[in-house]
A.B. asks: 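Here's a structure for you.
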Amino acid sequence: MSLFVDSASPVQSLACTFVAWKAFLLAIVLGSGVGPAYDTSSTLLSTSQPSYHESTFDLATKLTRWDAIYYVQASRRGYLFEQEWAFASGLPTTISFLTNVLTGLGIERHDALEPLVGIFIANFSHLLSALVLYKLSLIVSKNSRMSLTASILHILSPAGLFLSAPCSESPYALLSFLGYLFFAKAVISDRRTIAHDVSLVASGLWFGFAVNFRSNGVLNGVLFAAELLRELTLPPTANSVRRRLALLAGGSAIAIGFVVPQIVAYRTYCYDVSDTELRPWCTKLLPSIYTFVQEHYWNVGFLRYWTPGNVPLFLLAGPMLYFMARSGTNFVLDPHLPNEGAMSASALENLRGLLRSMALAQLVLTALAITSYHIQIITRISSGYPLWYWWLANLLSDDNTASTGRKIVIFMIMYATIQGVLYASFLPPA
């Protein structure tokens with residue numbers, strides 16, 4: 001990829017790297033057409049499919065695997081079955097909206113339209129998220145080379161085809177990076193203007209939207225909680241009180257982003273129904289359809305995935321878990337980035353606080369992945385966390401650790417390549 005990289009033209013470098021990488025993954029998808037898919041569920045999305053055999057060049061079908069099937073179906077007719085509420089409503093709602101816009105412009109509705117719209121959303125979001133990550137990295141490091149490297153690493157994420165398919169990882173990463181960007185602009189600066197506090201609220205809104213694409217986005221509330229605790233140690237001046245209110249508003253936006261879909265589900269399944277039709281989660285102290293369906297239908301829960309049959313999946317997720325845990329621990333213990341621009345002592349202290357809170361959120365996610373999630377999803381949900389990209393970019397920039405960094409990049413490319421073959425053929429892991 002170094003052929004496309006020029007630190008003097010970062011946007012062009014990122015765009016060229018993005019196109020080259022996506023072309024490579026597309027070739028893998030089309031190449032998988034030489035044999036039949038392991039599972040034919042994707043063909044059920046088509047009302048006109050004459051058989052269960054997929055066309056070699058049917059890109060929409062080959063990219064609509066695993067979670068993507070649920071997202072596409074929900075975009076067409078909403079949530080029909082209870083277990084579908086495990087898949088956040090942000091992506092189906094966006095696909096449905098854009099599909100209606102296109103049909104309103106005269107484009108004929110057909111079976112591949114929603115999948116193709118989902119593919120466009122994923123790829124466009126992936127490109128934009130790389131550009132936003134570059135901007136965010138510049139703010140926290142003042143180091144253009146490190147920023148460009150981190151953004152390229154995001155493009156080459158081991159999430160692979162999940163960032164090209166109608167799945168939620170790409171838009172989640174975009175919205176999360178926007179949240180981090182606005183938060184960093186607000187808290188790193190020495191100044192405390194109304195504009196900085198508005199940026200905090202905007203950050204919360206971006207994170208709130210992100211929660212509607214992936215529920216693990218609720219962990220971004222750690223940033224607001226940590227900053228609020230730090231703020232409470234300061235004397236209550238007018239600026240400080242305004243900052244506290246902004247932090248509360250931003251943090252509340254994240255909570256609202258998670259709670260609102262739960263309220264909608266409660267009104268659907270628990271409101272004005274007979275006792276015989278009442279679902280068991282409706283009577284819980286905190287009635288959440290999301291936690292119920294994850295546990296009841298998907299067997300998500302504390303140590304539930306710790307079975308002998310899942311040992312291969314733990315081994316497969318091991319490298320990514322190590323990267324997340326190692327980078328998070330490093331930033332908790334020594335929260336700094338190699339800065340090329342001048343920063344005041346107070347700005348550096350603010351930056352260290354931000355890096356620590358980001359690291360804490362990442363470590364909580366890693367712990368939850370190990371103890372409670374389907375372990376293999378860590379390779380794709382990690383794509384929305386900037387910290388480990390910065391850690392790896394630092395390894396690559398240091399002569400003493402560059403060799404280790406290059407080996408990690410090789411692993412990422414190999415993993416995404418193999419995963420691409422398996423995904424396009426509807427083979428696990430997902």
A.B. asks: Is the closest side-chain heavy-atom distance between L133 and L136 below 4.5 Å?
C.D. replies: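 Side-chain contact under 4.5 Å: yes.
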
A.B. asks: Just by distance, do the side chain of S189 and the backbone of A186 share a donor-acceptor pair under 3.5 Å?
C.D. replies: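 Between the backbone of A186 and the side chain of S189 there is no qualifying donor-acceptor contact (under 3.5 Å).
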
A.B. asks: Does CZ belonging to R191 count more than 12 external heavy atoms closer than 6.0 Å?
C.D. replies: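 No, because the 6.0 Å sphere around CZ of R191 holds 12 heavy atoms or fewer from other groups.
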
A.B. asks: Could you name each residue pair satisfying disulfide (SG to SG under 2.5 Å) that touches residues 259-318, not counting sequence neighbours?
C.D. replies: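 Every disulfide (SG to SG under 2.5 Å) pair that includes a residue of residues 259-318, provided the two are not neighbours, is C270-C282.
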
A.B. asks: Cation-pi check for F162 against R380: NZ or CZ below 6.0 Å from the six-membered ring centre and within 45 degrees of the axis, yes or no?
C.D. replies: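 Yes; both conditions hold, so R380 lies above the ring face of F162.
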
A.B. asks: Does some side-chain heavy atom of L163 sit less than 4.5 Å from a side-chain heavy atom of S157?
C.D. replies: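 Answer yes - side chains close enough.
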
A.B. asks: Is it the case that the side chain of S75 and the backbone of P92 share a donor-acceptor pair, with hydrogens and angles ignored and the cut-off at 3.5 Å?
C.D. replies: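 Flag not set: sc S75 to bb P92 has no pair under 3.5 Å.
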
A.B. asks: Measure the acute angle between the ring planes of F120 and F124, then classify it against the limits of 30° and 60° as parallel, tilted or perpendicular.
C.D. replies: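 Parallel, since the angle between the ring planes stays under 30°.
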
A.B. asks: Hey, are N310 and T307 close enough side-chain-wise for a donor-acceptor pair under 3.5 Å?
C.D. replies: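 A pair is found: one side chain offers a donor N or O, the other an acceptor, under 3.5 Å apart.
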
A.B. asks: Please examine the side chains of Q362 and S327, heavy atoms only from C-beta on, and report whether any two atoms are closer than 4.5 Å.
C.D. replies: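 S327 reaches Q362 side chain to side chain.
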
A.B. asks: According to ring-ring contact (aromatic ring centres under 6.0 Å, His included), does anything in residues 355-384 pair up with another residue at least two apart or in another chain? List the pairs.
C.D. replies: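 Qualifying pairs: Y305-H374.
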
A.B. asks: CH2 of W66 to CG of L422: how many Å apart, nearest 0.5 Å?
C.D. replies: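 W66 atom CH2 to L422 atom CG measures 9.5 Å (nearest 0.5 Å).
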
A.B. asks: Quick one: are the ring centres of W85 and Y266 less than 6.0 Å apart?
C.D. replies: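 Not under 6.0 Å, so no.
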
A.B. asks: Applying side chain to side chain donor-acceptor pair (under 3.5 Å) between W281 and each of E82, Q262, H296, report the one that passes.
C.D. replies: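 With W281 as partner, side chain to side chain donor-acceptor pair (under 3.5 Å) holds for just one option, E82.
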
A.B. asks: Is the side chain of S129 donor-acceptor paired with the backbone N or O of S125 at a distance under 3.5 Å, no angle test?
C.D. replies: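 Pair found, side chain donor or acceptor close to backbone of S125.
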
A.B. asks: Which heavy atom of A60 sits nearest to which heavy atom of A112, and what is that distance?
C.D. replies: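 So the two residues come closest at CB-CB, 4.0 Å.
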
A.B. asks: Which value, rounded to the nearest 0.5 Å, describes the distance between D67 atom CG and C167 atom SG?
C.D. replies: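 So the CG of D67 and the SG of C167 are separated by 5.5 Å.
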
A.B. asks: Tell me which pairs pass salt bridge (charged side-chain N to carboxylate O under 4.0 Å, His left out) where either residue lies in residues 288-313, with sequence neighbours left out.
C.D. replies: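 Salt bridge (charged side-chain N to carboxylate O under 4.0 Å, His left out) check on residues 288-313 returns E295-R304.
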
A.B. asks: With distance as the sole test, does T193 use its side chain to make a donor-acceptor pair with the main-chain N or O of H196 at under 3.5 Å?
C.D. replies: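 Yes, because the side chain of T193 sits within donor-acceptor range (under 3.5 Å) of the backbone of H196.
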
A.B. asks: State, to 0.1 Å, how close L25 and A416 come at their nearest heavy-atom pair, and which atoms those are.
C.D. replies: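 For L25 and A416, the tightest heavy-atom pair comes out as CD2-O, 4.3 Å.
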
A.B. asks: Return each pair, listed once, that meets salt bridge (charged side-chain N to carboxylate O under 4.0 Å, His left out) where at least one residue sits in residues 127-137; pairs must be two or more places apart or across chains.
C.D. replies: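 Sorted result for residues 127-137: empty, none.
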
A.B. asks: Could you go through the side-chain contact (heavy atoms from CB on, under 4.5 Å) check for T237 and V241 one step at a time?
C.D. replies: CA-CA 6 Å; T237 63; V241 170; over 6 Å; no

A.B. asks: Partners of D272 by side-chain hydrogen bond (donor to acceptor under 3.5 Å, both in side chains), sequence neighbours excluded?
C.D. replies: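 side-chain hydrogen bond (donor to acceptor under 3.5 Å, both in side chains) check on D272 returns nothing, list empty.
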
A.B. asks: List the residues meeting salt bridge (Lys or Arg N to Asp or Glu O under 4.0 Å) with E227, not counting sequence neighbours, and say none if there are none.
C.D. replies: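 Applying salt bridge (Lys or Arg N to Asp or Glu O under 4.0 Å) to E227 gives R230.
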
A.B. asks: Would L354 and S357 count as a side-chain contact (heavy atoms from CB on, under 4.5 Å) here? Give the steps.
C.D. replies: CA-CA 5 Å; L354 171 62; S357 59; 4.3 Å; yes

A.B. asks: Could you tell me whether a side-chain N or O of W388 sits under 3.5 Å from a main-chain N or O of S382, the two making a donor and an acceptor?
C.D. replies: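 Pair found, side chain donor or acceptor close to backbone of S382.
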
A.B. asks: Quick one: pull up CG in N212 and CG in L175 and give me the separation to the nearest 0.5 Å.
C.D. replies: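 Output value for this atom pair is 9.5 Å.
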
A.B. asks: Are the side chains of F258 and I254 in touch, meaning some heavy atoms are under 4.5 Å apart?
C.D. replies: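 No, side chains not in contact.
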
A.B. asks: Whether the side chain of W391 engages the backbone of F331 through a donor-acceptor N/O pair (distance < 3.5 Å, no angle test) should be reported.
C.D. replies: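 No.
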
A.B. asks: Taking salt bridge (Lys or Arg N to Asp or Glu O under 4.0 Å) as the definition, give me every residue that meets it alongside R356, ordered by chain and number, with sequence neighbours left out.
C.D. replies: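 R356 satisfies salt bridge (Lys or Arg N to Asp or Glu O under 4.0 Å) with no other residue.
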
A.B. asks: Would you list the pairs meeting salt bridge (charged side-chain N to carboxylate O under 4.0 Å, His left out) in which at least one residue belongs to residues 232-254, sequence neighbours left out?
C.D. replies: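 Salt bridge (charged side-chain N to carboxylate O under 4.0 Å, His left out) check on residues 232-254 returns D197-R242, D197-R243.
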
A.B. asks: Do the side chain of S199 and the main chain of F182 share a donor and acceptor less than 3.5 angstrom apart?
C.D. replies: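 Checking the backbone N and O of F182 against the side chain of S199, a donor-acceptor pair under 3.5 Å is found.
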
A.B. asks: Minimum heavy-atom separation for V273 to L278, with atom names?
C.D. replies: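 Where V273 meets L278 most closely, the heavy atoms are CG2-CD1, 3.6 Å.
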
A.B. asks: Among pairs that include at least one residue of residues 210-229, which meet ring-ring contact (aromatic ring centres under 6.0 Å, His included), considering only residues two or more places apart or in two chains?
C.D. replies: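 Of all non-adjacent pairs touching residues 210-229, those that pass ring-ring contact (aromatic ring centres under 6.0 Å, His included) are F183-F224.
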
A.B. asks: Take atom CD1 of I194 as the centre, draw a 6.0 Å sphere, and report whether it contains more than 12 heavy atoms from other residues, nucleotides or ligands.
C.D. replies: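 No, CD1 of I194 has 12 or fewer neighbouring heavy atoms, counting only those of other groups under 6.0 Å.
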
A.B. asks: Testing the basics here: between A424 and R65, what is the closest heavy-atom pair and its distance to 0.1 Å?
C.D. replies: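 Closest approach of A424 to R65, heavy atoms only: O-NH2, 2.6 Å.
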
A.B. asks: Would you check if L178 and F207 make a side-chain contact, meaning some heavy-atom pair closer than 4.5 Å?
C.D. replies: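 A side-chain contact is absent here, since even the closest heavy-atom pair is not under 4.5 Å.
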
A.B. asks: Any donor and acceptor pair, going by atom type alone, linking the side chain of Y415 with main-chain N or O of M320 inside 3.5 Å?
C.D. replies: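 No, Y415 side chain to M320 backbone: no donor-acceptor pair under 3.5 Å.
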
A.B. asks: Test your reading of the model: is there a side-chain donor-acceptor pair from T149 to the backbone of R145, 3.5 Å cut-off?
C.D. replies: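 The answer is yes, because a donor-acceptor pair under 3.5 Å joins these two groups.
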
A.B. asks: Minimum heavy-atom separation for A88 to Y79, with atom names?
C.D. replies: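 Smallest heavy-atom distance, with atoms named: C-OH, 3.2 Å.
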
A.B. asks: Tell me whether H126 contacts the main-chain N or O of H154 through its side chain, where contact means a donor paired with an acceptor under 3.5 Å.
C.D. replies: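 Yes, H126 side chain to H154 backbone: donor-acceptor pair under 3.5 Å.
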
A.B. asks: Side chains of S141 and W390: donor-acceptor distance under 3.5 Å anywhere?
C.D. replies: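 Their side chains do not contain a donor-acceptor pair, so the 3.5 Å distance test is not met.
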
A.B. asks: Please test E114 against R109 for side-chain contact (heavy atoms from CB on, under 4.5 Å), starting from the C-alpha separation and ending with a verdict.
C.D. replies: CA-CA 9 Å; E114 286 89 356; R109 185 181 290 272; 2.8 Å; yes

A.B. asks: Find out whether I152 and F18 are in side-chain contact, i.e. whether some heavy atom of one side chain is under 4.5 Å from a heavy atom of the other.
C.D. replies: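 No, every pair of side-chain atoms sits at 4.5 Å or beyond.
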
A.B. asks: Side chains of Y385 and N216: is there a donor and an acceptor less than 3.5 Å apart?
C.D. replies: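 There is such a pair (donor and acceptor under 3.5 Å, judged by atom type) between the side chains of Y385 and N216.
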
A.B. asks: With R267, which residues qualify under salt bridge (Lys or Arg N to Asp or Glu O under 4.0 Å), at least two apart?
C.D. replies: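 Testing R267 for salt bridge (Lys or Arg N to Asp or Glu O under 4.0 Å), a comparison that skips the adjacent residues, returns none.
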
A.B. asks: Dump the intermediate steps for side-chain contact (heavy atoms from CB on, under 4.5 Å) on S13 and L148, then the final yes or no.
C.D. replies: CA-CA 8 Å; S13 296; L148 181 58; 4.3 Å; yes

A.B. asks: Search all heavy atoms of L153 against all heavy atoms of A393 and return the closest pair with its distance.
C.D. replies: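 Scanning both residues completely, I find the closest heavy atoms to be CD1-N, 3.9 Å.
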
A.B. asks: Step through the shown structure and confirm whether more than 12 heavy atoms of other residues, nucleotides or ligands are within 6.0 Å of CZ on F97.
C.D. replies: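 12 or below, so no.
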
A.B. asks: Can you list the residues that meet the ring-ring contact (aromatic ring centres under 6.0 Å, His included) rule with Y290, with sequence neighbours excluded?
C.D. replies: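 Partners of Y290 under the ring-ring contact (aromatic ring centres under 6.0 Å, His included) test: none.
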
A.B. asks: Return each pair, listed once, that meets salt bridge (charged side-chain N to carboxylate O under 4.0 Å, His left out) where at least one residue sits in residues 146-166; pairs must be two or more places apart or across chains.
C.D. replies: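 Checked against salt bridge (charged side-chain N to carboxylate O under 4.0 Å, His left out) - neighbours excluded - no pair reaches residues 146-166.
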
A.B. asks: Look at D334 together with R352 and state whether they make a salt bridge at an N to O cut-off of under 4.0 Å.
C.D. replies: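 Answer for the salt bridge query: no.
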
A.B. asks: A side-chain contact here means heavy atoms from C-beta on lying under 4.5 Å apart; do L396 and V409 qualify?
C.D. replies: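 Contact flag for L396/V409 side chains = yes.
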
A.B. asks: Quick one: CH2 on W21 to CG on L156, what's the gap to the nearest 0.5 Å?
C.D. replies: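 Taking CH2 in W21 and CG in L156, the distance rounds to 5.5 Å.
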
A.B. asks: Using side-chain heavy atoms (C-beta onward) and a distance below 4.5 Å, is L365 in contact with L368?
C.D. replies: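 Side chain of L365 against side chain of L368, heavy atoms only: no contact under 4.5 Å found.
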
